[in-house]
Amino acid sequence: MRKTFVMVFLVILMTFTLFSQEVIKIGMNFELTGPVSGYGQMSRDGVLLANKLKPTVNIGGKEIKVEVVAVDNKSDKAEAANAIRRLIDHEKVVAVIGPATSSAALAAASIAEERQIPMVVNTATNPLVAQNKKYVFRTCFEDTLQGALLATFAWEELGAKNVAIMIDVAQDYVVGLANYFEKAFEQFGGTYFTEFYTTGDQDFTAQLTDALSKNPDAIFMPGYYAEIALICKQARDLGFTGPMFAGDGADAPELIQIGGEYVEGVSYTTYFHEDADLSPATKPFVEAYQKEYNRRADAFGALAYDAYMVIVNAIESAQSTDPVKIRDALAKTKNFPGVAGTITYPEGSGNPIKPAVINMVENGQFVFRTVIKPSM
Amino acid sequence: MTIQMFFQHLANAISLGSIYALIAIGYTMVYGILNLINFAHGDIFTFSMYFAFYAVTLFLFPWWAAFIFAIVLTTLLGATIERVAYRPLRKANAPKISGLITAIGVSFFLQNFAIVVFGGRAKSFNPQLGVYPTQFAQVLTFGDVRIPLLTFIIIGASILALLVLVWIVYRTKAGMAMRAVSKDVTAAKLMGINTDRTISQTFMLGSALAAVGGILWAMKYPQIYPYTGMIPGLKAFIAAVVGGIGSIPGAMLGGFILGVAEIMIVAFLPALAGYRDAIAYIILIIILLVKPNGLLGVEIGEKV
């Protein structure tokens with residue numbers, strides 16, 4: 001009697017686990033709190049919208065539900081590594097989206113590689129993130145390209161000859177982007193000098209006083225929005241009137257909220273603006289985003305949305321939930337109509353070649369100025 | 001380095017030092033009277049910013065009313081923390097170290113509470129929102145040296161806070177009770193002093209000072225997020241120790257020393273600018289090695 005009970009129980013348990021397999025999980029490793037939580041929260045909103053619009057994948061004629069799980073990496077490298085471990089070991093995800101920043105993404109990337117779980121970062125632009133890694137992909141361009149585009153912009157559009165660069169020594173992204181800018185700017189014949197600070201610094205008056213004594217034509221801030229806003233304020237307070245420009249790290253509404261009138265005229269490179277016509281998918285996305293969140297779509301959300309869609313697309317073309325097969329399908333992505341530009345991964349690389357958008361702060365708004373297509 | 005550049009650096013240093021000094025005064029006062037290192041001071045400081053911010057943006061208070069509202073609310077927060085977290089420890093006669101550990105716990109609690117309630121994304125403390133008049137944001141020029149008006153307001157507030165504090169501690173009955181408690185809690189109680197009330201008042205005073213510092217800090221560096229108070233809190237702690245923890249003029253001196261050191265290191269050795277926070281720790285270590293009681297601290301013999 002007892003044996004039959006156990007048998008029946010086991011059978012029920014097995015069928016239960018069989019049916020409950022009908023869900024696959026995609027993880028999100030984002031900066032939901034901490035100094036750059038703006039990026040992480042915008043990114044998460046993008047993924048949630050994508051999941052809402054495409055909640056299932058079709059494998060062998062069966063619709064399987066896709067569940068997204070978010071873990072907060074607290075804008076911290078060590079926490080980002082913990083977050084991806086938790087997603088893989090505890091949540092059993094088949095792929096991970098994020099982190100949004102390069103330092104955090106670098107810390108997570110080696111773990112994705114080791115565990116053979118595909119990881120698609122939305123906005124981590126530092127080249128090292130995907131270099132020599134089979135399992136790491138991006139939906140954004142990388143900083144070698146961004147640095148060159150910024151140098152072109154500074155030299156041609158701003159007419160700057162001597163540029164002050166404010167470098168956050170604690171961020172791989174900032175050090176990298178400054179480096180690529182410097183190389184490209186030197187080729188134009190420009191000169192530059194550098195000033196240093198650390199993430200979380202709030203007072204930049206010493207560095208700026210030093211910088212202004214060297215009469216720069218423009219100030220380049222390859223850092224993140226929180227510091228950029230304060231640098232702009234303090235530079236203007238110290239009497240600097242020239243142009244100031246930044247990389248994609250400037251792209252958060254907080255830049256304008258914190259910087260107010262001090263960030264007027266700041267221009268920066270980014271991946272997306274809702275007025276830029278980047279692909280046939282852009283317009284429907286902008287409308288869906290507006291409807292869902294009642295605000296304008298942003299670059300972080302757009303690229304995170306693309307990351308989700310690229311993964312889901314790979315799962316369907318692989319016809320499998322096996323992370324290794326998903327990775328192989330991801331690597332073959334060709335002409336995928338992302339909302340922030342078409343994505344094609346060149347042979348053996350997780351870096352798509354994409355155009356950059358230049359935005360500018362005007363009257364308290366991010367205004368689209370132009371799209372720069374890469375010549376490489 | 002030209003002479004006017006030097007003066008600009010000096011102005012920046014005084015500007016930074018004065019705000020460290022103001023926060024350090026609140027820190028050192030609680031220690032001086034209760035011998036408790038209140039690690040939650042920096043987080044109380046953060047909350048005052050949120051109170052002022054929401055009073056203006058949510059309740060549409062005029063800026064001055066928002067400031068008073070924030071100071072009152074922060075004072076109550078200080079009293080509540082004392083009642084909930086520290087008083088039970090005193091009642092249970094817990095060892096001193098428990099107070100320190102509890103303070104760290106309170107700090108973590110406040111940070112995470114702020115994340116849940118106010119959200120992780122930074123809020124702006126920008127005059128365009130009406131949180132303070134735009135005139136306060138103007139910059140005064142003295143030849144080639146530019147000093148924000150706010151610097152003078154902060155220095156004025158620090159001196160005013162110092163005077164009010166000295167008046168309370170040395171000229172009022174509550175102050176006399178505080179001094180008695182700082183000497184010996186048990187004896188003070190035997191002399192008929194309501195020690196619970198006195199300790200509560202000390203916390204309220206310390207929190208009010210944190211609130212004044214918090215609002216001025218937010219005006220100077222207009223972004224508020226749940227961890228805003230961490231670094232200023234730490235710097236204030238270091239300033240208090242350098243000046244001699246428990247000594248109010250010492251805290252002011254320590255704050256200025258820290259501000260000047262941080263700016264001058266960047267000014268004279270720009271390559272080390274990324275290690276600015278380390279400078280504060282190095283000063284702390286040197287002081288602890290050379291003069292463990294701080295610059296203006298007094299030698300306290302161990303009670304036998």
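Model, not experiment: these values are computed from the prediction. Every chain is numbered from 1, with letters handed out A, B, ... down the list of sequences.
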Which side-chain N or O atoms in residues 260-276 of chain B pair as donor and acceptor under 3.5 Å with protein atoms at least two apart or in another chain?
unit_1, atom_1, unit_2, atom_2, d
B/Glu262, OE1, B/Tyr20, OH, 3.2
B/Glu262, OE1, B/Arg276, NE, 3.4
B/Glu262, OE2, B/Lys235, NZ, 2.9
B/Arg276, NH1, A/Asp203, O, 3.1
B/Arg276, NH2, A/Asp203, O, 3.2

Quiz item: Do A/Tyr180 and A/Asp143 have a side chain donor and acceptor closer than 3.5 Å?
Solution: no
Quiz item: Can you name the closest pair of heavy atoms from A/Glu182 and A/Thr194 and give their distance?
Solution: OE2-CG2, 3.4 Å
Exercise. Decide if the gap between the ring center of A/Tyr225 and the ring center of A/Tyr39 is smaller than 6.0 angstrom.
Key: yes
Practice problem: Please state whether the side chain, the backbone, both or neither of A/Lys233 comes within less than 4.5 Å of a heavy atom of chain B. | Solution: side chain
Donor-acceptor list for residues 139-150 of chain B side chains, cut-off 3.5 Å, not counting sequence neighbours:
unit_1, atom_1, unit_2, atom_2, d
B/Asp144, OD2, B/Gln4, NE2, 2.9
B/Arg146, NE, A/Asp237, O, 2.7
B/Arg146, NH2, A/Asp237, O, 3.3

Quiz item: Is the closest side-chain donor-acceptor distance between A/Glu31 and A/Thr101 under 3.5 Å?
Solution: yes
Quiz item: Any salt bridge between A/Arg295 and A/Asp45, counting N to O under 4.0 Å?
Solution: yes
Quiz item: Mind checking which of residues 119-127 of chain B sit less than 4.5 Å from chain A, heavy atom to heavy atom?
Solution: B/Gly120, B/Arg121, B/Ala122, B/Lys123, B/Ser124, B/Asn126
Exercise. Indicate yes or no for a side-chain donor-acceptor contact from A/Asp217 to the backbone of A/Asn162 under 3.5 Å, with no hydrogens or angles considered.
Key: yes
Quiz item: Any luck finding a side-chain donor-acceptor pair between B/Lys220 and B/Thr151 under 3.5 Å?
Solution: no
Quiz item: Do you know which of A/Ile258, A/Thr33, A/Thr198, A/Val169 has the most heavy-atom pairs with chain B at a distance under 4.5 angstrom?
Solution: A/Ile258
Exercise. Taking the side chain as every heavy atom from C-beta outward, state whether B/Phe7 and B/Ile3 have any atom pair closer than 4.5 Å.
Key: yes
Self-check item: Residue B/Tyr227 versus chain A: region with a heavy atom under 4.5 Å
Solution: side chain
Self-check item: Heavy-atom proximity to chain A below 4.5 Å, by part of B/Ala11
Solution: neither
Exercise. Heavy-atom distances under 4.5 Å only: say whether A/Leu238 touches chain B with side chain, backbone, both or neither.
Key: both
Quiz item: Just checking heavy atoms, which of residues 42-59 of chain B are less than 4.5 Å from chain A?
Solution: none
Quiz prompt | Side chain, backbone, both or neither of A/Glu254 within contact of chain B (heavy atoms, under 4.5 Å) | solution = side chain
Quiz item: Are side-chain N/O atoms of A/Asp251 and A/Tyr271 paired as donor and acceptor at under 3.5 Å?
Solution: no
Quiz prompt | Check: B/Ala24 main-chain N/O paired with B/Thr28 side-chain donor or acceptor under 3.5 Å | solution = no
